[in-house]
Number of protein chains: 2
Amino acid sequence: MSDEPHFLREERVEISRADANSEAAVEPLQLGKRVREIRLSQNLTLEEASKRTGLARSTLSKIENEQISPTFSAVNKLVKGLGIDIPQLFSQPKRSAAAGGRRDITRTGTGTPHPTPTYEHEMLATQLTSKKMIPYRTTVRARSFEEYPEWVRHDGEEFLYVLKGSLLFYTEFYEPIELFEGDSAYYDCEMGHSLVSTSEADAEVIWVTA
Amino acid sequence: MSDEPHFLREERVEISRADANSEAAVEPLQLGKRVREIRLSQNLTLEEASKRTGLARSTLSKIENEQISPTFSAVNKLVKGLGIDIPQLFSQPKRSAAAGGRRDITRTGTGTPHPTPTYEHEMLATQLTSKKMIPYRTTVRARSFEEYPEWVRHDGEEFLYVLKGSLLFYTEFYEPIELFEGDSAYYDCEMGHSLVSTSEADAEVIWVTA
DNA sequence: AACAAAAATTTCCTATTGGAAACTTTTGTA
DNA sequence: TACAAAAGTTTCCAATAGGAAATTTTTGTT
């Protein structure tokens, strides 16, 4: 047998193609290592993991030793059977740290206030600069759509989560929709958007922009 | 040729095994449909998608028509080449997405569940693909730091907001810090991080990764 | 250390994937 | 409608994945 995993060879070919052609270089991706760590962390033997996932002992062994590239079907069984966190599977090994280790904690109510006629923003994590996302907690003062002179539009995407109360979510291209505690929305900010409280007390939301 | 995809048959076997044995029933999972939606939404032909991903036209066609279960290696090429959001691939089909002014509402409790030994994730806004951010609502099941075999590390930045309960926020380069309802944190994910509930009931948080 | 039991790996084999090219369907244009 | 070009599907085959069982390695006990 070749002592080099086939799909790694494949990857290498892929990289050169990408060089010549267009995008996407595909890195090695140490799926096997990951899987082994996860299995051991749950104190499972291959036999037990086999029962949980429905994959043969031998297959699991080969996956862990990076001797095969499992099918999507097999990966799914792994994910479901072992309760694997998906982002970890696909992200890089990430050598032990030394990389960006920033952290910023914001205690309730201690964010930076930023009031407007219609919203009462509390900006979070303001200590950190150059963030990919901008999070804030907002109280929606507006009580009718007319309070907005014009659509709010800006770059990027926005995630919205309703903490308290209820509100109407107006968007340029859709019917307004009422959101309640625990509901969330994700949308393109180039599309006009605005919020109007409908509950007795002003609604409160978490907003994250990227 | 059989008119039934092989791996679907396989899945069915898996389900019965799971019934008899222990956990994890694996659903059909319409990967193909997803991929097609994503490709078309970017106005790509199979030929173009082939160039971007490095997979043969024919292979792409078969994947989209659910005639084969691609290997992990192939899935990776898809992900990198077409800019697919990983979690989308593992979550249920749902409806198709529009382009331009996108919007996706997720009602309380209707997100896509993704349980792990330590966290109970509910993925939000799973109908939209190619998002800059990935939002989750998570219940923290872990009760001690020892339940994590190793630091969780991955690419990007993360915003965390505590909805309910209290928890200890462990990070690789800082002292653990206790967070309460309404507190939030923003940090680099390359730095090891994990959460442990300290309140009577499991703590609940909103998590947004970018 | 020697042995037995458990766990992991490897072998051997069949079934499935993935690529090249042939073929079919769809689209658009006169 | 007829035709050509583009897009998509299917076929065929070599390469690879996945399962059962044999083999090797590790672990634990005396």
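So that the names make sense, note that chain A is the first sequence line, chain B the second, and so on, each numbered from 1.
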Measure the distance from [atom1] on [X] to [atom2] on [N] and round it to the nearest whole Å.
X       : N      : atom1 : atom2 : result
A/Leu46 : D/dG18 : CG    : C1'   : 14 Å
B/Leu40 : C/dT26 : CG    : C1'   : 14 Å
A/Glu47 : C/dA6  : CD    : P     : 12 Å
B/Lys51 : D/dA7  : NZ    : P     : 10 Å
B/Leu78 : C/dG18 : CG    : C1'   : 12 Å
A/Glu64 : C/dA7  : CD    : C1'   : 12 Å
A/Ile68 : C/dT9  : CD1   : C1'   : 13 Å
A/Glu48 : C/dA6  : CD    : P     : 12 Å

* Over all heavy atoms of both residues, which pair between B/Leu124 and B/Tyr136 is shortest? Give the atoms and the distance, please. => CD1-C, 4.1 Å
Is there a side-chain polar atom (N or O) of [X] under 4.0 Å from OP1 or OP2 of [N]?
X       : N      : answer
A/Asn65 : C/dT9  : yes
A/Gln67 : C/dT10 : yes
A/Arg39 : C/dA8  : yes
A/Ser61 : C/dA8  : no

* Answer yes or no: does atom NZ of A/Lys131 have more than 12 heavy-atom neighbours from other residues, nucleotides or ligands under 6.0 Å? => yes
* Got a salt bridge between B/Lys164 and B/Asp202, using NZ or NE/NH1/NH2 to carboxylate O under 4.0 Å? -> no
Of all the choices, [options], which nucleotide is nearest to the side chain of [X] once you look at every atom?
X       : options               : value
A/Ser69 : D/dT9, D/dA17, D/dG18 : D/dA17
B/Thr59 : D/dT9, D/dA17, C/dG19 : C/dG19
A/Thr71 : C/dT17, D/dG19, D/dG8 : C/dT17

* Donor-acceptor contact present, side-chain A/Thr53 to main-chain A/Lys77, <3.5 Å -> no
* Quickly, which of A/Tyr186, A/Phe169, A/Tyr174, A/Tyr187 forms a ring-ring contact (aromatic ring centres under 6.0 Å, His included) with A/His193? Name it, please. => A/Tyr187
* Asked: Under the 3.5 Å rule, do the base of C/dG19 and the side chain of B/Lys62 count as making a donor-acceptor pair?
  -> yes
* Please tell me which of B/Arg57 and B/Leu60 maps to the more 5' nucleotide of DNA chain C, matching each residue to the nucleotide holding its nearest heavy atom. => B/Leu60
* Base, sugar-phosphate, or nothing: which does A/Ser58 touch, judged by heavy atoms less than 4.0 Å apart? -> base
